[in-house]
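Structure record follows, encoded as structure tokens.
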Amino acid sequence: MKNWQNPCAMKQATYFDRVYAVARRIPRGRVTTYGAIADFLALGAARMVGWALNHSFSEQGVPAHRVVNRKGELSGRTHFPTPTMMQEMLEAEGVCVEDNRVVDFSKHFWSPEEEQ
DNA sequence: AAGGTGACAGGGT
DNA sequence: TACCCTGCCACCT
């Protein structure tokens, strides 16, 4: 992902962009999972979504904090500038977090299949 | 070239 | 609920 001049890297870029495009559609105050995005994009592996999101900080406007794992845990928190930032951003949107887990996860869950 | 490593998920126990 | 095991796929030794 370093050499963006490289045509091979551009293939990755489109790959990333698809994940980013979905992430950007997550409404404020809602959350979704890596697997839901992977299914929607037919990527075949949820791990790929996390991997793409890990490089999303070079992009603007990608609400990576709204993506959690299937149990509603903030598994990506350690990749933010500070480990508490992910939780703070969610709570600022009205999503309560307790013990690194989203409270009432099913109530806040948003599927990419859903309409906005 | 082969094996290890992820911001994961699903099924079994 | 929680833990364990397996499948997943691109990247990096």
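Side-chain atoms are counted along with the backbone in the values below, which use heavy atoms only and exclude waters and symmetry mates. This structure is a prediction, so every number in the text was calculated from the model and none was measured. Throughout, protein chains are lettered first and strands after them, A, B, ... in sequence-line order, and every chain is numbered starting at 1.
- The side-chain heavy atoms of A/Leu90 and A/His65, taken from C-beta on, include a pair separated by under 4.5 Å.
- In this structure, the CZ atom of A/Arg66 is 17 Å from the C1' atom of B/dA7, given to the nearest Å.
- Between A/Asp39 atom CG and B/dG10 atom C1' there is a gap of 11 Å when expressed in whole angstrom units.
- Taking the nucleotide of DNA chain B with the nearest heavy atom to each of A/Arg70 and A/Ala64, the more 5' of the two is matched to A/Ala64.
- A straight line from CG of A/Leu43 to P of B/dG6 spans 20 Å, rounded to a whole angstrom.
- Put simply, CG on A/Leu53 is 12 Å from C1' on B/dC8, counting in whole angstrom units.
- Atom-to-atom, CD of A/Glu73 to P of C/dT1 comes out at 12 Å; the value is rounded to the nearest Å.
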*Is there a side-chain contact (heavy atoms from CB on, under 4.5 Å) between A/Leu43 and A/Arg18 once you walk through the steps?*
CA-CA 10 Å; A/Leu43 291 182; A/Arg18 292 172 68 200; 4.1 Å; yes

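- For the OP1/OP2 pair of B/dA7 and a distance below 4.0 Å, the side-chain nitrogens and oxygens of A/Asn69 include no atom meeting the criterion.
- Remark: A/Glu93 engages A/Arg66 in a salt bridge, criterion side-chain N to carboxylate O under 4.0 Å.
- Contact between the side-chain N/O atoms of A/Thr33 and the OP1/OP2 oxygens of B/dC8 is not found at any separation under 4.0 Å.
- Residue-level contact check: A/Ala38 touches neither bases nor backbone, having no heavy atom under 4.0 Å from any strand.
- Atom CZ in A/Arg47 sits roughly 11 Å away from atom C1' in B/dG4 (whole-Å rounding).
- Taking the six-membered ring for Trp, A/Tyr34 and A/Trp51 have ring centres at least 6.0 Å apart.
- Separating the P atom of B/dA7 from that of C/dT6 is a span of 22 Å, rounded to the nearest Å.
- Across the protein-nucleic acid pair, A/Phe80 atom CZ and B/dA7 atom P stand 12 Å apart, rounded to whole Å.
- In this structure, of B/dA7, C/dA10, B/dA9, it is C/dA10 that holds the atom nearest to the side chain of A/Met48.
- As a whole-Å value, the separation of A/Phe105 CZ from B/dC8 P is 13 Å.
- Closest heavy-atom contact between A/Val67 and A/Met86: O-CE, 3.3 Å.
- Distances were taken from every side-chain heavy atom of A/Ala45 (C-beta onward) to each of C/dA10, C/dC9, B/dA7; the shortest belongs to C/dC9.
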